[in-house]
2 protein chains.
Amino acid sequence: MRPNKRDELVRKALEVFYRDGFHATGMDKLVVETGVSKTSMYKHFRTKEELILAALRLRDENFRNWFLRRIEELSNTPAGQLIAGFDALGEWFREDKFRGCMFIKAGAEYQDKDHPIHVQAAEHKRLLLEHFTRLARAAGARDPERLGCQILLLKEGAIVTAVLLNSCEPAQDAKAAAQVLLDAALAG
Amino acid sequence: MRPNKRDELVRKALEVFYRDGFHATGMDKLVVETGVSKTSMYKHFRTKEELILAALRLRDENFRNWFLRRIEELSNTPAGQLIAGFDALGEWFREDKFRGCMFIKAGAEYQDKDHPIHVQAAEHKRLLLEHFTRLARAAGARDPERLGCQILLLKEGAIVTAVLLNSCEPAQDAKAAAQVLLDAALAG
DNA sequence: GAAATTATTAACCGATCGGTACACATATAA
DNA sequence: TTATATGTGTACCGATCGGTTAATAATTTC
């Protein structure tokens with residue numbers, strides 16, 4: 001039961017869950033796709049839920065690492081980074097494998113607020129909100145909590161809209177909106 | 001096969017799909033909850049997918065009727081209605097049975113862009129976008145397409161955030177953001 | 001090198017999935 | 001009354017669900 005084997009399973013499971021959904025992905029499909037036997041799978045993860053939680057942890061790590069790093073590459077001021085986030089989003093939307101936000105989907109499939117999967121999805125959003133709020137404060141916004149939350153709203157809305165609509169440019173429109181909100185929050 | 005019986009089945013199916021999700025709701029559960037036999041169910045709907053599509057149609061009708069009517073109750077100017085939408089959202093979020101947006105969830109469970117369920121979910125959002133854009137144009141916004149899309153972004157973001165976060169007031173923050181965007185779009 | 005531990009496999013478990021076959025009961029039409 | 005639709009319920013279909021059992025293969029420990 002070497003640990004890198006486990007990581008490999010989580011990585012593959014993440015890919016399949018993200019592509020096909022949670023309920024729609026059976027353990028048998030994962031067993032086939034990973035090439036491992038079912039018993040081995042259940043040696044590494046006691047239940048399907050545990051595997052989903054592990055996949056979500058990896059996704060959180062991957063996404064936040066990429067997103068925060070990309071933002072820092074695109075700008076070196078807090079205000080600029082708040083805005084640049086939407087350019088990063090646009091890049092993400094244009095990827096072939098883009099399938100929306102895994103945590104929105106997790107929250108949609110496991111709706112009970114006490115369910116561990118829902119809780120973990122919520123935690124991801126909380127961490128993002130925290131980051132946006134921190135940037136808003138560093139930028140000198142009048143009400144950083146509010147601006148941080150508004151930036152989050154725009155980001156989540158852009159993701160959902162990118163998934164469901166072809167008729168507008170969510171990342172661009174969200175970026176423009178964020179700029180207006182930021183200017184207003186700095187002017188006060 | 002009287003038509004009101006069919007409507008009753010769709011209404012109940014909508015309730016259960018909304019509460020528990022699509023993949024998580026089996027036809028057997030629906031048969032039990034509606035009290036009808038499985039054969040009768042399949043006389044009314046040839047497949048589960050057909051039942052889901054019927055439920056989504058009803059949901060679209062119910063939601064848009066309620067939302068647009070409520071907006072008109074709250075304000076009688078286009079600009080005011082764009083903003084009042086977020087008060088209506090806040091009322092919705094506070095309902096006991098609030099479980100997020102059924103169309104976001106449908107798009108999340110049926111991700112293939114060509115899947116009939118995904119297409120129908122997208123259509124709902126398109127209709128809302130159209131309405132917002134119309135209001136933005138009537139309000140005299142400089143770029144009504146853009147403002148309409150931004151209002152939609154804020155709405156979708158508020159819904160997602162209301163589902164996943166307890167730490168901010170999405171409807172209020174979205175409303176404040178919408179006001180800033182509207183003012184900017186009118187001032188130009 | 002033998003013993004003990006760990007990893008892996010195929011086969012299988014009851015439950016549930018979406019969907020049907022068929023017998024029966026009811027209603028209409030002649 | 002009899003023939004013909006129409007609607008309903010039971011029982012069942014093969015496939016798949018998440019998860020387990022028992023035997024074997026590989027590795028470690030002494």
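Note on naming: letters A, B, ... go to the chains in the order of the sequence lines (proteins, then strands), and numbering restarts at 1 for each one.
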Pair [X] + [Y]: basic N to acidic O under 4.0 Å:
X         : Y         : result
Asp60(A)  : Arg64(A)  : yes
Glu109(A) : Lys105(B) : no
Glu130(B) : Arg134(B) : yes
Glu33(B)  : Arg19(B)  : yes
Asp20(A)  : Lys29(A)  : yes

Please give, in whole Å, the distance from [N] [atom2] to [X] [atom1]?
X         : N       : atom1 : atom2 : value
Ile117(B) : dG18(C) : CD1   : P     : 12 Å
Lys29(B)  : dC17(D) : NZ    : C1'   : 14 Å
Leu9(B)   : dT8(D)  : CG    : P     : 9 Å
Glu49(B)  : dG19(C) : CD    : C1'   : 14 Å
Lys43(A)  : dA22(D) : NZ    : C1'   : 11 Å
Leu51(B)  : dC17(C) : CG    : P     : 14 Å
Met27(B)  : dA15(C) : CE    : P     : 22 Å
Asp20(A)  : dC17(D) : CG    : P     : 11 Å

message: Looking at every non-hydrogen atom in both residues, tell me the closest pair between Ala139(B) and Pro78(B) and how far apart they are.
response: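 Closest heavy-atom pair between Ala139(B) and Pro78(B): N-CB, 3.7 Å.
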message: Using heavy-atom distances to pick each residue's nearest nucleotide on DNA chain D, tell me which of Ala24(A) and Arg46(A) is more 5'.
response: Ala24(A)
- prompt: Tell me, which of residues 30-39 of chain B have any heavy atom that sits under 4.0 Å from an atom in DNA chain C?
  reply: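 Going residue by residue through residues 30-39 of chain B, the ones with a heavy atom under 4.0 Å of DNA chain C turn out to be Lys38(B), Thr39(B).
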query: Does the Arg142(A) side chain pair with the main chain of Ala184(A), one donor and one acceptor, at a distance under 3.5 Å?
result: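 Checked: pair present.
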query: Does Lys48(A) put a side-chain nitrogen or oxygen below 4.0 Å from OP1 or OP2 of dG18(D)?
result: yes
query: Side chain of Asp28(B): nearest nucleotide among dT8(C), dT8(D), dC17(C)?
result: dC17(C)
